[in-house]
Structure formats: structure tokens, C-alpha cells
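Here the structure comes first, spelled out in C-alpha cells, and everything after it is commentary.
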Protein chains: 2
Amino acid sequence: MLIYKEIKMKKKKVDLEDLFELSEFFKFFGDSTRIRIIEFLREGEQSVLAIANYLEMGQSAISHQLRILRMANLLTFRREGKAIYYRLDDEHVEKIFQLGLEHILHKRGK
Amino acid sequence: MLIYKEIKMKKKKVDLEDLFELSEFFKFFGDSTRIRIIEFLREGEQSVLAIANYLEMGQSAISHQLRILRMANLLTFRREGKAIYYRLDDEHVEKIFQLGLEHILHKRGK
DNA sequence: TTTATATATGAGCATTTGTTCACATATTCA
DNA sequence: TGAATATGTGAACAAATGCTCATATATAAA
């Protein structure tokens with residue numbers, strides 16, 4: 001019976017707590033501003049103003065979103081003079097971004 | 001110069017429209033009820049009531065969320081008598097769930 | 001056909017979320 | 001030191017979201 005389960009590759013039950021955390025994790029990707037920031041940072045670190053200009057949004061709005069991503073440990077930053085440069089800080093972030101992108105592009109046959 | 005870009009594996013710019021759609025896609029995973037439904041359905045199809053009982057939530061709340069996942073083409077369903085059985089309808093859904101799960105488990109060293 | 005069971009859905013409501021605005025903090029330069 | 005530039009953050013507000021309640025629809029059973 002154990003062997004049967006192994007053969008079937010039965011999915012392991014996930015703790016309720018982990019599922020809550022998982023949905024919280026995906027929330028970071030579920031906002032267009034944040035996903036655009038992530039996309040931009042895939043090319044390398046960028047300052048806050050550079051991000052704001054790229055997205056054509058206010059600096060404050062960007063700072064608020066960067067804070068969210070930073071506190072989730074998805075970004076790191078370094079200061080250089082007056083500017084602060086943010087960069088992606090998690091290999092999973094890029095992988096998940098890429099997988100999601102493949103999904104929607106595949107879905108529409110791109 | 002083209003070769004240089006290829007060697008660097010420069011990330012392709014993603015259309016703004018695609019980024020909006022991508023964030024919409026991740027929103028489906030960014031809710032604890034929906035992620036719990038997805039987790040439950042990884043084991044195979046389940047009726048609405050079975051899902052509601054498993055999550056210990058009302059049938060209406062589950063139906064509302066199933067509708068959202070269904071309209072996103074993440075689920076299919078079949079009727080059998082009075083019951084309707086839902087199942088995952090997208091290989092990407094499981095992959096993204098799995099990758100996200102690996103992320104949070106890795107992050108806490110499980 | 002009436003009753004029971006399973007699911008779907010619109011309206012209402014409370015909560016969450018993202019942006020803007022005003023202002024605070026930090027660094028550089030004159 | 002004072003002005004300019006870059007970034008951070010709390011409050012307020014509007015929009016989006018998810019649940020509950022009541023009710024509609026569909027199928028099966030009596």
C-alpha cells in the first residue's frame with residue numbers, strides 16, 4: 001500500500017500555515033506595479049527614480065511598492081550617494097516570473 | 001553586438017499588456033481560499049461540497065471562488081447527478097504551485 | 001409533482017489594497 | 001550651513017475583493 005502510494009506519486013498534504021504563506025507570497029506577483037518592477041529589475045539593479053520613470057508613475061507609489069517587496073526579502077538595495085539601487089534578491093522570483101510568463105504566452109499561442 | 005546580447009542571455013522586454021495579464025494570473029494564486037482549493041485538487045477531482053467541507057467554509061464562498069478559477073480556465077468540471085466535480089485544468093497551475101511552495105519551504109529551511 | 005440535495009449567483013457589507021499628498025529623512029554640493 | 005536632490009512614510013481616500021445571505025436553478029428521489 002505504501003508502494004502503491006509512491007508509484008502514484010501522491011501529493012503531500014501541505015500545512016494550512018504554509019498555504020497561507022504561499023498565498024501571501026503569490027500576492028506580491030499579483031499586482032501590475034510590482035510585476036512591472038520585477039520585470040524591470042530582471043535586467044539588473046535600478047534606482048527608485050529610474051523605476052518610477054520607466055513605469056511612468058510617481059516616486060512615492062514606487063517607494064511604497066519597493067518597501068513591500070523589500071520586506072518580503074524579494075529585493076535588496078544599496079545606497080550610492082543620494083540614490084538607492086534595488087535589485088532582485090531571490091532566484092525563485094525570476095523562475096516564477098518566467099514560468100507565469102510562459103503560461104500566458106503559451107495560452108495565447110505566442 | 002548581437003552575439004554579445006545572446007551570450008549575456010539578455011532578458012526580453014515584456015509587453016505592458018502581457019505584464020498586466022501576468023499580474024492578473026498571479027492574483028488567482030494570491031488568495032488563501034483559492035490556493036487551498038488548488039492544493040486540494042492536486043489529488044484529483046472533488047465536488048463542491050467536498051471542497052467546502054475540506055476547507056471548513058460555506059458552499060457559497062467556495063462556489064464563488066470556483067467560478068473565478070473556472071473563468072480563468074484553471075479548472076474544468078463535469079456533472080454527475082446532482083454533484084459537480086472540479087479538477088485542475090492546466091499543467092502550469094501545478095508547476096507554479098510547486099515552485100512557490102518550494103520557495104517558502106526553502107526560505108524557512110524545511 | 002412535490003421534496004430534498006447540490007450548486008450558482010446577485011446584492012450588500014466589511015476589509016484590504018494601491019495611489020496621492022504632504023512631509024520627514026538622508027546625502028551632496030555650493 | 002543652506003539649498004537641491006533622492007528616497008521613505010503616515011494619513012486619507014477610492015477601488016477592488018471576499019464573504020454572507022437570500023434566492024435561483026438543476027437533478028434526483030419519494
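We use all heavy atoms of the structure for the numbers below, so side chains are in, but hydrogens, waters and symmetry mates are not. As the structure is a prediction and not an experimental result, all values here were calculated from the model. Here is the naming used below: chain letters follow the sequence lines, and residue numbers restart at 1 for every chain.
Of the residues in residues 60-67 of chain B, those placing a heavy atom less than 4.0 Å from an atom of DNA chain C are B:S60, B:S63, B:H64, B:R67, in numerical order. A heavy atom closer than 4.0 Å to some atom of DNA chain D occurs in A:V48, A:L49, A:Q59, these being the qualifying members of residues 48-59 of chain A. Contacts with DNA chain D (heavy atom under 4.0 Å) in residues 72-83 of chain B: B:R79, B:G81, B:K82, listed by number. Near DNA chain D, defined here as any heavy-atom distance below 4.0 Å, there are no residues from residues 24-40 of chain A.
Through direct or indirect side-chain contacts shorter than 4.5 Å among Ile, Leu, Val, Met, Phe, Trp and Tyr, A:L16 is connected to A:F20.
For A:F26, the ring-ring contact (aromatic ring centres under 6.0 Å, His included) test picks out B:F29, with sequence neighbours left out. With sequence neighbours left out, A:S60 forms a side chain to side chain contact (heavy atoms under 4.5 Å, CB included) with A:H64. The side chain to side chain contact (heavy atoms under 4.5 Å, CB included) test applied to B:E24 returns B:K27, not counting sequence neighbours. In this view, B:S47 and B:L49, B:A50, B:A83, B:Y85 satisfy the side chain to side chain contact (heavy atoms under 4.5 Å, CB included) rule, not counting sequence neighbours. Listed by chain and number, the residues in a ring-ring contact (aromatic ring centres under 6.0 Å, His included) with B:F97 amount to none (sequence neighbours excluded).
Among residue pairs with one or both ends in residues 54-77 of chain B, none qualify as salt bridge (Lys or Arg N to Asp or Glu O under 4.0 Å); sequence neighbours excluded. Screening residues 33-61 of chain B for ring-ring contact (aromatic ring centres under 6.0 Å, His included), with sequence neighbours left out, gives B:F40-B:Y54.
As a whole-Å value, the separation of A:M71 CE from C:dT17 P is 12 Å. At whole-Å resolution of the value, CD1 in B:I84 and P in D:dA26 are 11 Å apart.
Contact check, A:Y86 against D:dG8: a side-chain N or O comes under 4.0 Å of OP1 or OP2.
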